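First comes the structure, then the notes that go with it.
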Protein chains: 2
Amino acid sequence: MFDFDKLDKLIHERGRLGIMTLLATRPSWPFQDLKAELKMSDGNLVTHLRTLHEAGHVAIIKEVHLDRPQTSYALTEKGRAAFTEYLAVLESIVKAGKEK
Amino acid sequence: MFDFDKLDKLIHERGRLGIMTLLATRPSWPFQDLKAELKMSDGNLVTHLRTLHEAGHVAIIKEVHLDRPQTSYALTEKGRAAFTEYLAVLESIVKAGKEK
DNA sequence: ACGCGAACTTTGCCTTGCAAAGTTCCGCTT
DNA sequence: AAGCGGAACTTTGCAAGGCAAAGTTCGCGT
């Protein structure tokens, strides 16, 4: 009836789902902005980002901004595709839950 | 920007999200049907159901059907309300992810 | 009395989230 | 030059929780 297997566990976890959702709304996000928005400890945040990066979902962009190091993150093609598929499952759940 | 805190952890977990979604589609579900649909071990399934029951989200209905014990499960009012709220968050995520 | 199936509990493993503290890097200040 | 401070990242340790396999209970039917 539903493909709960398709609920990619990597994306489904709360913290990472937050990251992915934010990344989907803008071309790129600086680390500090993500941290402020998601209210995670930096250790926790960087770990999730690394997990997503290792899965090929997130690209890491290192720059220097105003004489400060600034690392930004962005969805990769693969990441966007995976997220889109994930959203499709969510959508079917929402739809099923609304009709009743 | 998003209320990821509202993503009730109790419901968000894959297994329990599956249960809640199924329960939302019909008035009640026998244990065996849930098990078949979700392909969980009965130990795992009953544990999730107990967790949801203790949270007041799920009602347990014990009957005897065809001379066999048959336990069914249904959403409570509270459960349906919580699930509806959860779905609202999902919906905002889906919406945010689609526009871009 | 025995077996069987449904539902449930117990046990144990193992993953994983999470935070706190520590590390590295580097530009700026004094 | 030495030290401060902030950004980003690593390490460590803990605790929670998912999950399956095996064991338990409780009827009913033969």
Side-chain angles (χ1 to χ4, degrees), chain A residues 2-23 28-55 57-74 82 86, chain B residues 2-23 28-55 57-74 82 86:
Chain A
F2 289 103
D3 264 344
F4 291 106
D5 302 331
K6 279 195 179 169
L7 263 193
D8 187 347
K9 229 184 147 190
L10 211 84
I11 299 178
H12 188 63
E13 197 278 326
R14 246 178 57 196
R16 287 190 296 266
L17 177 55
I19 294 172
M20 292 294 282
T21 306
L22 292 185
L23 291 188
S28 84
W29 280 74
F31 182 83
Q32 290 300 325
D33 292 5
L34 287 177
K35 184 179 161 187
E37 191 73 36
L38 297 169
K39 290 171 191 116
M40 289 190 212
S41 69
D42 55 353
N44 189 14
L45 178 54
V46 86
T47 303
H48 281 316
L49 284 167
R50 188 174 50 216
T51 302
L52 290 170
H53 174 65
E54 281 166 2
H57 289 169
V58 164
I60 303 178
I61 306 156
K62 291 189 185 263
E63 301 173 304
V64 174
H65 195 58
L66 296 178
D67 290 333
R68 293 268 152 126
Q70 174 169 299
T71 306
S72 292
Y73 299 85
Y86 174 85
Chain B
F2 289 102
D3 266 343
F4 290 107
D5 302 331
K6 279 196 180 167
L7 264 193
D8 187 349
K9 231 184 146 190
L10 210 85
I11 299 178
H12 188 63
E13 198 277 327
R14 259 202 14 219
R16 287 190 295 266
L17 176 55
I19 294 172
M20 293 293 283
T21 305
L22 292 185
L23 291 187
S28 83
W29 280 74
F31 182 83
Q32 290 300 325
D33 292 6
L34 287 176
K35 184 180 163 189
E37 191 72 36
L38 296 168
K39 291 172 192 117
M40 289 189 212
S41 68
D42 56 351
N44 188 14
L45 177 55
V46 86
T47 304
H48 282 313
L49 284 167
R50 187 174 54 217
T51 302
L52 290 170
H53 174 66
E54 281 165 1
H57 288 169
V58 164
I60 303 178
I61 307 155
K62 291 190 185 265
E63 302 172 304
V64 174
H65 195 60
L66 296 178
D67 289 333
R68 293 268 152 126
Q70 174 170 298
T71 307
S72 292
Y73 300 86
Y86 174 85

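Just so it is clear, the model here is predicted, and its values are computed rather than measured. Below, chain A is the first sequence line, B the second, and so on; all start at residue 1.
In the set D/dT10, C/dC8, D/dC9, the nucleotide with an atom closest to the side chain of B/V46 is C/dC8. For A/D42, the listed nucleotide lying nearest its side chain is D/dC9; candidates were C/dC18, C/dA6, D/dC9. Picking from C/dA7, C/dT10, C/dA19 the nucleotide with the shortest atom distance to the side chain of B/F31 gives C/dA7.
What separates CD1 of A/I60 from P of D/dC9 is a distance of 6 Å, to the nearest Å. Taking atom CG of B/L45 as the reference point, atom P of D/dG18 lies 13 Å away to the nearest angstrom. A/M40 places its CE atom 17 Å from the C1' atom of C/dA20, with the value rounded to the nearest Å. To the nearest angstrom, P of D/dG18 lies 15 Å from CG of B/L38. Atom pair A/L49:CG and D/dT10:C1' shows a separation of 14 Å (rounding to whole Å applied). Computed from coordinates, the A/L10 CG to C/dT15 C1' distance equals 13 Å when rounded to whole Å. In this entry the distance linking CD of A/Q32 with P of D/dG5 reads 17 Å, nearest Å. With rounding to whole Å, B/E63 atom CD is found 17 Å from D/dC28 atom C1'.
Checking B/T51, B/I11, B/L23, B/L49 one by one against B/H57, the side-chain contact (heavy atoms from CB on, under 4.5 Å) holds for a single residue, B/I11.
Of the side-chain N and O atoms in B/Q70, none sit less than 4.0 angstrom from OP1 or OP2 of C/dA6. Put simply, A/R68 has no side-chain N or O that comes within less than 4.0 Å of OP1 or OP2 on D/dG5. Between B/Y73 and the phosphate of C/dA7, there is no side-chain N or O to OP1/OP2 separation shorter than 4.0 Å. The phosphate of D/dA20 (OP1 or OP2) has a side-chain N or O of B/N44 nearer than 4.0 angstrom. In terms of phosphate contacts, B/K62 brings no side-chain nitrogen or oxygen within less than 4.0 Å of OP1 or OP2 of D/dC26. Under 4.0 angstrom from either OP1 or OP2 of D/dA8 there lies no side-chain N or O belonging to A/R50. Within the structure, every side-chain polar atom (N or O) of B/H48 is placed at least 4.0 Å from both OP1 and OP2 of D/dG17.
Backbone-only engagement by A/T71 is indicated by non-hydrogen atom pairs under 4.0 Å involving sugar-phosphate atoms exclusively.
Map A/T47 and A/K9 each onto its nearest nucleotide of DNA chain D; the residue landing nearer the 5' end is A/T47.
Not counting sequence neighbours, the partners of B/F4 by the ring-ring contact (aromatic ring centres under 6.0 Å, His included) test are B/F2.
Between atom NZ of residue B/K35 and atom CD of residue B/E37 there is a gap of 14.0 Å, rounded to the nearest 0.5 Å.
B/S72 and B/E63 get closest at one heavy-atom pair: OG-OE1, 4.4 Å. Across all non-hydrogen atoms, the minimal contact from B/V58 to B/H53 is O-ND1, 2.8 Å.
DNA chain C lies under 4.0 Å from no heavy atom of any residue of residues 11-19 of chain B.
In this pair, A/F31 and A/Y73 present their aromatic rings tilted. The plane angle is within the 30 to 60° band.
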query: After noting the C-alpha distance and the side-chain angles of B/N44 and B/H48, does the key distance pass the side chain to side chain donor-acceptor pair (under 3.5 Å) rule?
result: CA-CA 6 Å; B/N44 188 14; B/H48 282 313; 3.2 Å; yes

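Counting only heavy atoms from C-beta outward, the side chains of A/R14 and A/L17 never approach each other to under 4.5 Å.
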